[in-house]
Amino acid sequence: MFIDTHCHFNHQRFAEDMPACLERAVEAGVTRMVVVGFDMPSSEQAVLLAEANAPHLFAAVGVHPHDSKDWTLDSARRLADLADHPRVVAMGEIGLDFHYDFSPQEAQYTAFRAQLALAREAALPVIIHCREAYPETLEVLEEEEMESGGVMHCWAGAMEQAEKTVSLGLSLGFGGTLTFKNAEDIRLCAQSVPLETLLIETDAPYLAPSPHRGKRNESAYVAIVAEKLAALRGLTVEEIARLTTANAMRVFPRLVGDA
């Protein structure tokens, strides 16, 4: 049994065949998938998908740093309402992205801190997006003291940053990049961090693992990530499945009660 802790069935690339993708995932042993919001419409859609596709789909709600320029008090109020939904397991994806300039950095910080506050109020873990902003993101997370924990999604940092992330009580999400030829630093982190901090994900439709790289990713491929992680840790795929499933249920407590 696998849990895909980060996918985007709310993305337009799944508009025509989402049910078939979900069926393929279940056939591959993926029993739970977290559909992650990236703006207000996608967050609302994530909740609707989770409602309509129980017991397999759950939701996370949040505004991605790319869309931070659109953050308003109305966004905060709506997210607070969505966070109360029983199938919403996390606030996310939220964070900082300094690779692109889709939103000014000041706006990113504002939306990030506001959503961390919402997560604290709702006692929800967080799903963090971080790109080319690891020192800044970790500094904010240390200042905000997130007692409910969460995950640094799509891990791409260095070992020193992985150690800092773990010290803050966060897990690391590994996906298709774990299989990329140029991802030695990512593999080193996956090989070295404590077993209890490992989560697997796809980020579908993005970042499909080899041998599907360049094609649309989907949740069924989380099994490929598990195989790579098992090889790196010297464990069987079954052991990685049990381990990462237990980790996901600990990080996202609302996953537990719906088999």
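- With contacts defined as side-chain heavy-atom distances shorter than 4.5 Å, the pair Met159/Val193 qualifies.
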Query - side-chain contact (heavy atoms from CB on, under 4.5 Å) between Leu22 and Asn53, worked out - result: CA-CA 9 Å; Leu22 178 56; Asn53 294 277; 3.5 Å; yes

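- Inter-residue side-chain proximity for Leu57 and Phe9 is flagged as met; some heavy-atom pair is nearer than 4.5 Å.
- A donor-acceptor pair under 3.5 Å is absent between the side-chain atoms of Ser148 and the main chain of Pro125, judged by distance alone.
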Query raised in the report: Passes ring-ring contact (aromatic ring centres under 6.0 Å, His included), His66 versus Phe38? Steps please.
Result: CA-CA 9 Å; His66 288 343; Phe38 43 89; over 10 Å; no

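- With contacts defined as side-chain heavy-atom distances shorter than 4.5 Å, the pair Asn217/His212 does not qualify.
- Checked against ring pair (Phe, Tyr, Trp, His ring centres under 6.0 Å), Tyr109 has no partners two or more places apart in sequence or in another chain.
- Using the six-membered ring where Trp is involved, His129 and His153 have ring planes that are tilted, between 30° and 60° apart.
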Using atom types as modelled, flag every donor-acceptor pair under 3.5 Å from a side chain in residues 77-85 to any protein atom, sequence neighbours excluded.
unit_1, atom_1, unit_2, atom_2, d
Arg77, NH2, Asp74, OD1, 2.4
Arg78, NE, Glu44, OE2, 2.9
His85, ND1, Arg87, N, 3.0
His85, NE2, Glu51, OE2, 2.7

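- Between Thr31 and Val26 there is no side-chain heavy-atom pair separated by less than 4.5 Å.
- Under 4.0 Å is where a charged nitrogen must lie from a carboxylate oxygen, and between Glu27 and Arg24 no such pair does.
- The salt bridge (charged side-chain N to carboxylate O under 4.0 Å, His left out) with Arg120 is formed by just one residue from the set Glu145, Glu144, Glu147; it is Glu144.
- In this structure, Ser75 contributes its side chain and Trp71 its backbone to no donor-acceptor pair below 3.5 Å.
- Remark: Arg131 is not positioned above the aromatic ring of Phe98, lacking an NZ or CZ atom under 6.0 angstrom from the ring centre and at most 45 degrees off the axis.
- Between Arg216 and Asp17, at least one side-chain N (NZ, or NE/NH1/NH2) sits under 4.0 Å from a carboxylate O, which counts as a salt bridge.
- Between Arg233 and Glu239 there is no salt bridge, since no side-chain N of the basic residue sits under 4.0 Å from a carboxylate O of the acidic one.
- The closest donor-acceptor contact from the side chain of Glu201 to the backbone of Cys7 lies at 3.5 Å or more, if one exists at all.
- In this structure, Val34 and Leu255 have side chains that are in contact, with non-hydrogen atoms separated by less than 4.5 Å.
- With hydrogens and angles ignored, the 3.5 Å screen pairs a side-chain donor or acceptor of His8 with a backbone N or O of Val36.
- Annotation: side chain of Ile200 is not in contact with side chain of Thr5 (no heavy-atom distance under 4.5 Å).
- Between the side chains of Gln45 and His11, no donor-acceptor pair of N or O atoms lies under 3.5 Å.
- Using a 4.5 Å cut-off on side-chain heavy atoms (C-beta onward), Phe2 and Ile240 make no contact.
- Side-chain N or O atoms of Asn10 include one that pairs as donor or acceptor with a backbone N or O of Ser42 at under 3.5 Å.
- In this structure a side-chain-to-backbone donor-acceptor pair under 3.5 Å is missing from Asp39 to Asp67.
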